**Q** 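I have a structure here, written as structure tokens, and I will follow up with some questions on it.
Please read these numbers as outputs of a predicted model, since none were measured by experiment. In this chain, numbering begins with 1 at the start of the sequence shown.
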Amino acid sequence: MAFAGILTDADITTALAECQAADSFKYKEFFVKVGLSAKTPDDIKKAFFVIDQDKSGFIEEDELKLFLQNFSASARALTDAETQEFLKAGDADGDGKIGIDEFAELVKA
């Protein structure tokens, strides 16, 4: 698993169960439940690189849409509304994507 050594399977399962229904994803609650908000900056950076599927150094909108699937292949895609809200919350500089520092701030928010 991509998050091995960073997050526990139990925390991931619990966090994903909380947002199974469409439009139920709340990034702040998810980061707390999955245990990421309590992690070190280094662990948060490792998580960023798991989510940055194309290794561009940014998490773009298409990667955000599939955000939950990084935690479990069977997880749902985010709705367009959830994706837009997540991107808006994390994109501090308005460039349409989330950089590593923006991600770290979002996780700790």
Side-chain angles (χ1 to χ4, degrees):
M1 156 171 231
F3 289 102
I6 304 171
L7 305 171
T8 69
D9 288 345
D11 286 345
I12 290 170
T13 300
T14 299
L16 288 173
E18 297 280 323
C19 57
Q20 284 182 334
D23 295 316
S24 65
F25 176 76
K26 305 289 182 246
Y27 66 91
K28 287 182 183 181
E29 292 173 21
F30 184 84
F31 288 139
V32 170
K33 289 216 184 301
V34 82
L36 198 55
S37 60
K39 294 296 180 180
T40 66
D42 191 47
D43 282 341
I44 293 170
K45 192 177 286 190
K46 288 177 191 170
F48 173 88
F49 288 116
V50 171
I51 298 160
D52 177 20
Q53 294 285 312
D54 65 3
K55 307 301 177 213
S56 66
F58 295 95
I59 301 171
E60 292 91 6
E61 187 173 341
D62 59 332
E63 291 169 321
L64 275 183
K65 186 156 194 67
L66 303 177
F67 176 78
L68 295 177
Q69 293 171 5
N70 289 293
F71 296 87
S72 172
S74 62
R76 70 178 178 88
L78 295 180
T79 65
D80 289 342
E82 289 170 322
T83 303
Q84 290 303 315
E85 182 181 332
F86 199 6
L87 181 60
K88 185 178 172 188
D91 182 19
D93 61 10
D95 64 358
K97 51 194 175 188
I98 299 174
I100 194 161
D101 293 335
E102 291 170 318
F103 181 72
E105 295 224 2
L106 192 61
V107 169
K108 292 294 188 180

**Q** Looking at Leu68, is its backbone amide N or carbonyl O close enough to the side chain of Arg76 to form a donor-acceptor pair, meaning the two atoms are under 3.5 Å apart?
**A**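 Here the side-chain-to-backbone pair does not exist.
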
**Q** Got a salt bridge between Lys46 and Asp43, using NZ or NE/NH1/NH2 to carboxylate O under 4.0 Å?
**A**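 Looking at Asp43 together with Lys46, the answer is yes, because their closest N to O distance falls below 4.0 Å.
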
**Q** Is it the case that atom CD in Glu105 sees more than 12 heavy atoms from other parts of the structure closer than 6.0 Å?
**A**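 At most 12 heavy atoms, drawn from other residues, nucleotides or ligands, come within 6.0 Å of this atom.
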
**Q** With a 4.5 Å cut-off on side-chain heavy atoms, are Phe31 and Leu106 touching?
**A**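 The answer is yes, as the side chains (C-beta and beyond) meet within the 4.5 Å cut-off.
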
**Q** Test your reading of the model: is there a side-chain donor-acceptor pair from Lys55 to the backbone of Phe49, 3.5 Å cut-off?
**A**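 Confirmed, Lys55 side chain pairs with Phe49 backbone.
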
**Q** Is there a side-chain contact between Phe103 and Ile51 in this structure, where contact means two heavy atoms from C-beta onward sitting under 4.5 Å apart?
**A**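 Phe103 vs Ile51: side chains touch.
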
**Q** Kindly determine whether Lys65 and Asp80 satisfy side chain to side chain contact (heavy atoms under 4.5 Å, CB included), including the steps that lead there.
**A** CA-CA 7 Å; Lys65 186 156 194 67; Asp80 289 342; 2.7 Å; yes

**Q** Side-chain heavy atoms nearer than 4.5 Å, only ILVMFWY residues, links allowed to pass through others: does that put Val50 and Tyr27 together?
**A**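 Same cluster: Val50 reaches Tyr27 through Ile, Leu, Val, Met, Phe, Trp or Tyr contacts under 4.5 Å.
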
**Q** So how far is it from Thr13 OG1 to Leu7 CG, rounded to the nearest 0.5 Å?
**A**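 Those atoms lie 11.0 Å apart.
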
**Q** Supply the atom-to-atom distance Glu61 CD to Leu78 CG, rounded to the nearest 0.5 angstrom.
**A**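 With rounding to 0.5 Å, CD (Glu61) is 10.5 Å from CG (Leu78).
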
**Q** Phe86 and Phe58: same hydrophobic cluster, using ILVMFWY side-chain contacts below 4.5 Å?
**A**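 Shared cluster, no.
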
**Q** Rounded to the nearest 0.5 Å, how far does NZ of Lys33 lie from CG of Leu16?
**A**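 Rounded to the nearest 0.5 Å, the CG-NZ separation comes out at 12.5 Å.
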
**Q** Without hydrogens or angle criteria, can the side chains of Asn70 and Gln53 be said to hold a donor-acceptor pair below 3.5 Å?
**A**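 There is such a pair between these side chains.
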
**Q** Do Phe30 and Phe71 make the cut of ring centroids closer than 6.0 angstrom?
**A**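 So the answer is yes for these two rings.
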
**Q** More than 12 foreign heavy atoms under 6.0 Å from NZ of Lys108: is that the case here?
**A**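 More than 12 within 6.0 Å, yes.
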
**Q** Just verifying a value: how many Å separate Asp11 CG and Phe3 CZ, rounded to the nearest 0.5 Å?
**A**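 If we round to the nearest 0.5 Å, Asp11:CG and Phe3:CZ are 12.5 Å apart.
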
**Q** Determine yes or no for a side-chain-to-main-chain donor-acceptor pair under 3.5 angstrom, with Glu82 supplying the side chain and Ser24 the backbone.
**A**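 Looks like yes, one N/O pair under 3.5 Å.
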
**Q** Does a donor on one side chain sit under 3.5 Å from an acceptor on the other, for Asp54 and Ser56?
**A**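 A pair is found: one side chain offers a donor N or O, the other an acceptor, under 3.5 Å apart.
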
**Q** So, does Lys39 use its side chain to make a donor-acceptor pair with the main chain of Ile6 at under 3.5 Å?
**A**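 Indeed, once roles are kept as given, a pair shorter than 3.5 Å links the two residues.
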
**Q** For Asp23, is the CG atom crowded, meaning more than 12 foreign heavy atoms sit under 6.0 Å from it?
**A**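 Correct, the count exceeds 12.
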
**Q** Measuring from Ile59:CD1 to Asp91:CG, what's the distance to the nearest 0.5 Å?
**A**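 Spacing of CD1 (Ile59) from CG (Asp91) equals 11.5 Å.
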
**Q** Assigning hydrophobic clusters by single linkage (Ile, Leu, Val, Met, Phe, Trp, Tyr; side-chain heavy-atom cutoff under 4.5 Å), is Ile12 placed with Val32?
**A**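 Per the 4.5 Å side-chain linkage, Ile12 and Val32 are not co-clustered.
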
**Q** Tell me whether Gln69 contacts the main-chain N or O of Ala75 through its side chain, where contact means a donor paired with an acceptor under 3.5 Å.
**A**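 Here the side-chain-to-backbone pair exists.
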
**Q** Can you tell me how far apart CD (Glu60) and CG (Asp52) are? Round to the nearest 0.5 Å.
**A**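 So the CD of Glu60 and the CG of Asp52 are separated by 6.5 Å.
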
**Q** Between Val107 and Ser37, which heavy-atom pair has the shortest distance, and what is it?
**A**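 Looks like O-CB, 3.4 Å.
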
**Q** Less than 4.5 Å apart, any side-chain heavy atom of Glu85 and any of Phe25?
**A**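 In short, these two side chains do not touch, never coming nearer than 4.5 Å.
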
**Q** Can you see which heavy atom on Glu102 is nearest to which on Ala92, and at what distance?
**A**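 For Glu102 and Ala92, the tightest heavy-atom pair comes out as OE2-N, 2.9 Å.
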
